[in-house]
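Keep in mind it's a predicted model, so treat the numbers as computed, not measured.
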Amino acid sequence: MNLSVIIVNYNVKLFLEQCLCSVQKAILGMEAEIIVVDNNSVDNSIEYLTPKFPAVNFIANKENTGFAKACNQGLEQAKGSYILFLNPDTIVPEDCFTKCISFFEANKEVGAIGIKMLDGSGNFLKESKRSFPSPSTSLYKLFGLAKLFPRSKIFSKYHLGYLKEDENNEVDVLAGAFMMIKKEVLDKVGGFDETFFMYGEDVDLSYRIQKAGYKNYYFADSSIIHFKGESTRKGSMNYVRMFYNAMSIFVRKHYGGSKAGLFSFLIHIAIWFRAALTTIGSFIRKNGLPIIDAGLILLSFWLMKNIWNEYVRTDIQYENKLLWIAFPAYTIFYLIAAYYAGLYDRWYKWSELFRSSVVATIVLLAAYAMLPEQYRFSRAILLFGAMLAFALISLLRWILIQLNVLNSNKDRDEHTQTVIAGSVVEFEAAKQLLKDAGLQQRVVGRVTVAADDNDGIGSVKNIKSLSTVIPFREIIFCQGALSYAAIIESIQQLPSSVNSMIHAHGTTSIVGSNSKDSSGEVVSKENGFKLSDPYNRRIKRLIDVSISIFSLITFPVHLLFVKKPFSFFRNCFQVLFAKKTWIGYAVSEKNLPVLHDAVISCNGIPADNKQQLPRESLQMMDYWYARDYEPMNDFKLIRRMYRSLGG
């Protein structure tokens, strides 16, 4: 057998589906095998993919053994003369493997090759070629000198920035996302070191291959797409810890003496430095934004009050007691308006900030007019304070986006204009997938792929010029009539403002990635749930909180009507503190949008009662509840089941 392709999967079944489609195209006419090792994925990867790819050898682990160990599991069963370790979030062109093997055969001294990798937007990924880590290269990278001097032989040595991206070159380190190695070399040096759980194992293996007298080569005559669909994101605390610990293991294993001591010291500095940045960024993304916004709003009102007193109404002094009550109350109201306007969703929209500010200001001014005279101060302070808060929060969001702490909605617009490149049949299939996924892209037309097809808005051959005429922000490439090689070539021609996604013929998903630093995104029927919509989730939470607070305030009344009043009292607190939800799923289901444990199941049965229906029927009802979620239905079910809210 000529080639064995080994892929390790962990919870990226739809990326893997697209990857396997491209790999199957690339091995046509070759004696080759595909081995997939699944590291105990919880997204039903094995059940979903096995019937779709009967020729693939699937190995299902009962636990997450790590990348290195899983690769070695595949290697034990591999029969090919060449072994390719490939990430599941990649797309390879049809001629990729034959070109790589031809390069091996023409260069006998080569033991392993990596390849030119592009992100989902067609940008070159620097990790395609690297040098071995050293104290100096790590120092330059840590303090940003590599970024400042990307072509320097000294400062940019880590990513070999001085080597041209489109030329084949001997390098030190090959990326684990695509490593093709001669089987005879692996027989001599061994597989991956299983001490490395994730990250660093490719550096270690590259080092051992070189030490054994073979050359590692960066191969630029073919390109692959690497979406980065893995769950561990760059910038996350988990990534920082795992990456730098891997570097520490490598240093202890291969370097000795003072060099190892210096390198370990630098690594620990890097860990603390990156950990601090990551912790701050993570805090801001998860919990810190509302707190920072509250501070900016309070500051704005306080500043406007002082300016008003100092320069406009010098004859009026406002009581501090009144201000200490009023300003925090206004701030809380602004934050509530911002939350329900979607300001704290994953993707920042300027329009949401503007809308929440306007709504909060209008309502506050209206409420202000109804206050007794002794509780009023100045409408101008409210109005100008709100305007200043809007300006400061806008500035903060801009800074955080520039620092990559927040994602701008420019990177993803749910109502973006989309074109689809493919045949008429492929175009309709992709449109239906978008509809099934509950997305609201405005599909403005079809881009033709065949020379004799003139019914579209333009041809894929002229995609660059087409993007200047039609203002689309996203293109979905349908593989079928269009080859993977042509798709990869077209992606590289797109302007940076256009995002690309790929849909393989016969699959039920569309995959893509808008950033080289974040995990990829998937469009499929599985994310077509109304309950996944941030707006609906906020409303559901508002219903939970409102009913809990109202029930606690009026609790003595419920002693007469609720069957288990004290259990109901406990449920109110659990729902209020997000331990439970009033209406939820009947059974546990990992493929549906996540909900807390239910007080009442969506079929109207208290969650602590035994369900009489078969599990399959309950799963279907849960699916319908998530897919067709309507907030008013929660209200109706809570009202109907009022007496059973205690269980």
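For the pair Ser206 (side chain) and Leu174 (backbone), a donor-acceptor distance under 3.5 Å is present. The backbone N or O of Ala220 sits less than 3.5 Å from a side-chain atom of Asn168, completing a donor-acceptor pair. Glu426 places no side-chain N or O within donor-acceptor distance of the main-chain N or O of His505, the cut-off being under 3.5 Å. Under the 3.5 Å distance criterion, the side-chain polar atoms of Lys99 are left unmatched by any main-chain donor or acceptor of Ser222. Side chain of Ser4 to backbone of Gly80: a donor-acceptor contact under 3.5 angstrom is found. Side chain of Lys25 to backbone of Tyr484: no donor-acceptor contact under 3.5 angstrom is found. Using a distance-only test at 3.5 Å, with no hydrogens or angles considered, a donor-acceptor pair links the side chain of Arg446 to the main chain of Gly422. Proximity of a side-chain donor or acceptor of Asp89 to a complementary backbone N or O of Val12 within less than 3.5 Å is not detected. Judged purely by atom type and a 3.5 angstrom limit, Gln417 uses its side chain to pair as donor or acceptor with the backbone of Pro471. Checking side-chain atoms of Asn216 against main-chain N and O of Asp172 turns up a donor-acceptor pair under 3.5 Å.
For the atom pair Ile27 CD1 and Ile34 CD1, the distance stands at 4.0 Å (nearest 0.5 Å). To the nearest 0.5 angstrom, Leu118 atom CG is 9.0 Å from Glu165 atom CD. Leu16 contributes atom CG, which lies 5.0 Å from atom CG of Leu49 (distance to the nearest 0.5 angstrom). Taking CZ from Phe427 and CD1 from Ile476, the interatomic distance works out to 9.5 Å, rounded to the nearest 0.5 Å. Atom-to-atom distance recorded for Ile224:CD1 and Ile115:CD1 is 6.0 Å, nearest 0.5 angstrom. Taking CZ of Phe178 as the start and CG of Asp202 as the end, the distance is 14.0 Å to the nearest 0.5 Å.
When all heavy atoms of Met30 and Phe97 are compared, the closest pair comes out as SD-CB, 4.0 Å. The minimum heavy-atom distance between Ile463 and Leu494, with the atom names listed, is CG1-CD2, 3.7 Å. What you find for Pro593 and Arg537 is that their closest heavy atoms are CB-NH1, 3.8 Å. Considering every non-hydrogen atom in both Met501 and Gly512, the closest pair reads CE-N, 3.6 Å. Across every non-hydrogen atom of Ala177 and Thr90, the tightest pair is O-CG2, 4.4 Å. Across all their heavy atoms, Ile181 and Ala112 have their closest contact at CG1-CB, 3.7 Å.
You'll find the side chain of Asn57 stays beyond 4.5 Å of the side chain of Glu33, heavy atoms only. Side-chain contact between Ile225 and Ile487 is absent, with no heavy atoms from C-beta onward closer than 4.5 Å. Considering only heavy atoms from C-beta on, Leu396 stays 4.5 Å or farther from Leu392 through its side chain. The shortest distance between side-chain heavy atoms of Val460 and Phe477 falls below 4.5 Å. Asp38 has its side chain out of reach of Phe58: every pair of non-hydrogen atoms, C-beta onward, lies at least 4.5 Å apart. Put simply, the side chain of Thr448 does not reach to within 4.5 Å of the side chain of Asp455, judged on heavy atoms. The side-chain heavy atoms of Ser131 and Leu160, taken from C-beta on, include a pair separated by under 4.5 Å. Here the side chains of Gln479 and Ser22 are not in contact, with every heavy-atom distance at 4.5 Å or above.
Remark: Gln432 CD is packed, more than 12 non-hydrogen atoms of other residues, nucleotides or ligands lying under 6.0 Å away. Within 6.0 Å of CE on Met1 lie more than 12 heavy atoms contributed by other residues, nucleotides or ligands.
When each of Asn87, Leu205, Leu84 is tested with Met179 by the rule side-chain contact (heavy atoms from CB on, under 4.5 Å), just one qualifies, namely Leu205.
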Open item on the list: Checking Val36 against Phe53 for the side chain to side chain contact (heavy atoms under 4.5 Å, CB included) test, could you report, in this order, the C-alpha distance in whole Å, the side-chain angles of both residues, the deciding distance, and whether it holds?
Closed with: CA-CA 11 Å; Val36 172; Phe53 300 97; over 6 Å; no

Task: Leu289/Arg397 under side chain to side chain contact (heavy atoms under 4.5 Å, CB included): CA gap, chis, key distance, verdict - done: CA-CA 9 Å; Leu289 269 182; Arg397 294 299 192 276; 3.5 Å; yes

TODO: Apply the test side chain to side chain contact (heavy atoms under 4.5 Å, CB included) to residues Ser423 and Asp453: give CA-CA distance (whole Å), side-chain angles for both, the deciding distance (0.1 Å), then the verdict.
DONE: CA-CA 9 Å; Ser423 67; Asp453 187 351; 5.8 Å; no

- [ ] Evaluate side chain to side chain contact (heavy atoms under 4.5 Å, CB included) for Met180 paired with Phe219, printing each intermediate quantity in order.
- [x] CA-CA 10 Å; Met180 188 177 285; Phe219 184 62; over 6 Å; no

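Side-chain contact check for Thr507 and Glu17: no donor-acceptor pair (N or O, by modelled atom type) lies under 3.5 Å. Side-chain contact annotation: Asn9 with Ser41, donor-acceptor N/O pair under 3.5 Å present.
Salt bridge present: Lys530 and Glu630 bring a charged side-chain N and a carboxylate O closer than 4.0 Å.
Between Tyr218 and Phe124, the ring planes lie perpendicular to each other; the angle is over 60°, past the 30° to 60° tilted range.
Geometrically, Lys52 engages Tyr48 in a cation-pi contact defined by less than 6.0 Å to the ring centre and at most 45° from the axis.
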